[in-house]
Amino acid sequence: MDLYQIFKTRTPIIGVVHLLPLPTSPRWGGSLKAVIDRAEQEATALASGGVDGIIVENFFDAPFTKNQVDPAVVSAMTVVVQRIQNLVTLPLGLNVLRNDAKSAIAIASCVRAAFIRVNVLTGVMATDQGLIEGEAHQLLRYRRELGADVKILADVLVKHARPLSSPNLTVAVKDTIERGLADAVILSGWATGSPPSQEDLELACGAANGTPVFVGSGADWENIGTLLQAADGVIVSSSLKRHGRIEQPIDPIRVSQFVEAARRTWNSKNTSKPSEQVKLHS
């Protein structure tokens with residue numbers, strides 16, 4: 001299956017809905033209705049602004065557990081995604097932070113979401129949650145048990161983390177695809193709101209050898225044209241928020257501005273490569 005079949009474009013923009021704190025998180029406010037209301041507003045703003053997909057994250061649950069989240073978080077995220085599906089027809093994804101890919105794919109399977117994001121699929125990363133080990137073997141077997149056609153978008157040398165081994169980007173990309181069986185890879189800067197370098201993007205795309213490469217952080221309307229010269233798609237949040245502040249809700253005007261800037265790049269890219277199709281690894 002290629003990107004066009006999922007997102008109806010070969011260069012998708014995936015907007016992020018950062019959920020307010022969920023039950024059992026330190027800042028949980030006691031009202032799931034408030035979480036749902038904000039998520040619905042943000043999903044609607046993203047859809048009306050022209051994004052091609054939406055990913056839902058428990059972003060404000062920090063500090064995160066490094067692996068399995070509480071069942072209440074899984075339940076809450078399932079409800080929220082279903083509510084969003086009642087409002088928008090875009091393909092949806094899940095990222096259960098910090099690295100609960102099994103819960104993410106379980107939710108995605110039940111609600112028929114299209115994809116998940118996994119921060120650490122292979123290797124070992126030193127993070128603010130401690131050492132996180134990739135569990136690709138368990139995740140891929142679980143996806144097969146579920147019989148789910150849920151795509152896995154995996155970070156390579158994920159932000160807010162450092163690899164224990166030498167950070168060789170080319171090797172990490174190849175291992176994530178060839179040994180972790182990721183359907184696409186994500187490249188970010190060192191932190192939320194920080195973009196990857198153009199050099200790293202080009203290296204990653206060369207190593208990916210046709211498997212899609214997404215920009216995972218730091219994209220804005222000013223740099224998106226440059227980033228998409230190398231990358232196949234983008235996951236974006238911070239720059240779409242009011243005043244560009246991470247704690248603020250999504251601003252529909254900023255979404256439209258970002259999408260318009262990206263489309264100018266699509267047009268030039270598609271004109272120069274009219275027959276190219278980016279395939280998802282299967």
Legend entry - V79-L87 co-clustered via ILVMFWY side chain contacts under 4.5 Å: yes

Legend entry - side-chain hydrogen bond (donor to acceptor under 3.5 Å, both in side chains), paired with R38, selected from Q41, E42, E40: E42

Legend entry - Exceeds 12 heavy-atom contacts within 6.0 angstrom, atom CG of N209: no

Inset, instruction - Begin from the C-alpha positions of L19 and V80 and carry the test side chain to side chain contact (heavy atoms under 4.5 Å, CB included) through to its verdict. - result: CA-CA 9 Å; L19 298 180; V80 172; 3.6 Å; yes

Inset, instruction - Taking the side chain as every heavy atom from C-beta outward, state whether V35 and L32 have any pair of such atoms under 4.5 Å apart. - result: yes

Legend entry - Minimal non-hydrogen separation, A47 against V88, with atom names: CB-CG1, 3.7 Å

Inset, instruction - Kindly indicate whether the side chain of D61, heavy atoms from C-beta on, has any atom under 4.5 Å from the side chain of T24. - result: no

Legend entry - Closest approach of G49 to V259 (non-hydrogen atoms, all atoms of both residues): O-CG2, 3.4 Å

Inset, instruction - Please confirm whether the backbone N or O of Y4 pairs with a side-chain atom of T9, one donor and one acceptor, at under 3.5 Å? - result: no

Legend entry - K174 atom NZ, neighbour heavy-atom count above 12 within 6.0 Å: no

Inset, instruction - Grab the two heavy atoms, one from V118 and one from A101, that are nearest each other, plus how far apart they are. - result: CG2-CB, 3.7 Å

Legend entry - Other residues, nucleotides, ligands: >12 heavy atoms within 6.0 Å of Q198 CD: yes

Inset, instruction - Would you check, one step at a time, whether the test side chain to side chain donor-acceptor pair (under 3.5 Å) holds for Q129 with T127? - result: CA-CA 5 Å; Q129 292 80 34; T127 75; 3.1 Å; yes

Inset, instruction - Take E133 and V120, measure what side chain to side chain contact (heavy atoms under 4.5 Å, CB included) needs, and give me the verdict at the end. - result: CA-CA 7 Å; E133 298 182 29; V120 183; over 6 Å; no

Legend entry - Heavy-atom side-chain proximity of F7 to P91 below 4.5 angstrom: yes

Legend entry - Over 12 foreign heavy atoms within 6.0 Å of CD1, I246: yes

Legend entry - Heavy-atom closest pair, residues T211 and A182: CG2-O, 4.4 Å

Inset, instruction - Enter the distance from L153:CG to K151:NZ here, rounded to the nearest 0.5 Å. - result: 10.5 Å

Legend entry - Residue pair R83 / T78, side-chain heavy-atom distance below 4.5 Å: no

Legend entry - Rounded distance (nearest 0.5 Å) linking atom CG of L46 with atom CD1 of I55: 12.0 Å

Legend entry - E135 side chain to L121 backbone, donor-acceptor under 3.5 Å: no

Legend entry - Check: S194 side chain, G218 main-chain N or O, donor-acceptor pair, under 3.5 Å: no

Legend entry - Neighbour count above 12 (heavy atom, 6.0 Å) for E247 CD: yes

Inset, instruction - Please name the pair of heavy atoms, one in A126 and one in L164, separated by the smallest distance, quoted to 0.1 Å. - result: CB-CD2, 4.0 Å

Legend entry - Sub-4.5 Å side-chain heavy-atom contact between I235 and V215: no

Inset, instruction - Might you work through the side chain to side chain contact (heavy atoms under 4.5 Å, CB included) test for V16 and V236, ending with a clear yes or no? - result: CA-CA 6 Å; V16 186; V236 59; over 6 Å; no

Inset, instruction - Report the distance from atom CD1 of I186 to atom CG of D155, rounding to the nearest 0.5 Å. - result: 4.5 Å

Legend entry - Heavy-atom closest pair, residues A136 and T122: CB-CG2, 4.1 Å

Inset, instruction - Could you tell me the separation between the CG atom of L94 and the CD1 atom of I54, rounded to the nearest 0.5 Å? - result: 12.0 Å

Inset, instruction - Any chance you could measure I105, atom CD1, to L140, atom CG, to the nearest 0.5 Å? - result: 7.5 Å

Legend entry - Joint cluster assignment, V171 & L203, ILVMFWY side-chain distance < 4.5 Å: no

Inset, instruction - With rounding to the nearest 0.5 Å, note down the distance linking CG in N95 to CD1 in I14. - result: 11.0 Å

Legend entry - Close side-chain approach of P26 and P63, heavy atoms under 4.5 Å: yes

Legend entry - Flag, side chain of S25 to backbone of L22, donor-acceptor distance under 3.5 Å: yes

Inset, instruction - May I ask you to test the R98-D128 pair for a side-chain heavy-atom distance under 4.5 Å? - result: yes

Inset, instruction - Measure up the F59 and H18 rings against each other and bin them: parallel (under 30°), tilted (30 to 60°), perpendicular (over 60°). - result: parallel

Inset, instruction - Mark yes or no for whether D200, through its side chain, and S197, through its backbone, hold a donor-acceptor pair below 3.5 Å. - result: no

Inset, instruction - Kindly state whether the ring of F214 and the ring of F115 have centres lying under 6.0 angstrom apart. - result: no

Legend entry - Pair R10 + D52: basic N to acidic O under 4.0 Å: no

Legend entry - Q248 atom CD: more than 12 heavy-atom contacts under 6.0 Å: yes

Inset, instruction - Could you point out which residue of D251, I253, L240 forms a side-chain contact (heavy atoms from CB on, under 4.5 Å) with F258? - result: L240

Legend entry - Close side-chain approach of V213 to L201, heavy-atom, < 4.5 Å: yes

Legend entry - Within 6.0 Å of CZ in R245, more than 12 heavy atoms from elsewhere: no

Legend entry - side chain to side chain contact (heavy atoms under 4.5 Å, CB included) assessment of N119 paired with I132: CA-CA 9 Å; N119 283 182; I132 297 182; over 6 Å; no

Legend entry - R264 (side chain) donor-acceptor with G225 (main chain) under 3.5 angstrom: no

Inset, instruction - Look only at the side chain of D100 and the backbone of V69, and say whether a donor-acceptor pair between them is shorter than 3.5 Å. - result: yes

Inset, instruction - Look at the side chain of Q5 and the backbone N and O of D2, then say whether any donor-acceptor pair between them is shorter than 3.5 Å. - result: yes

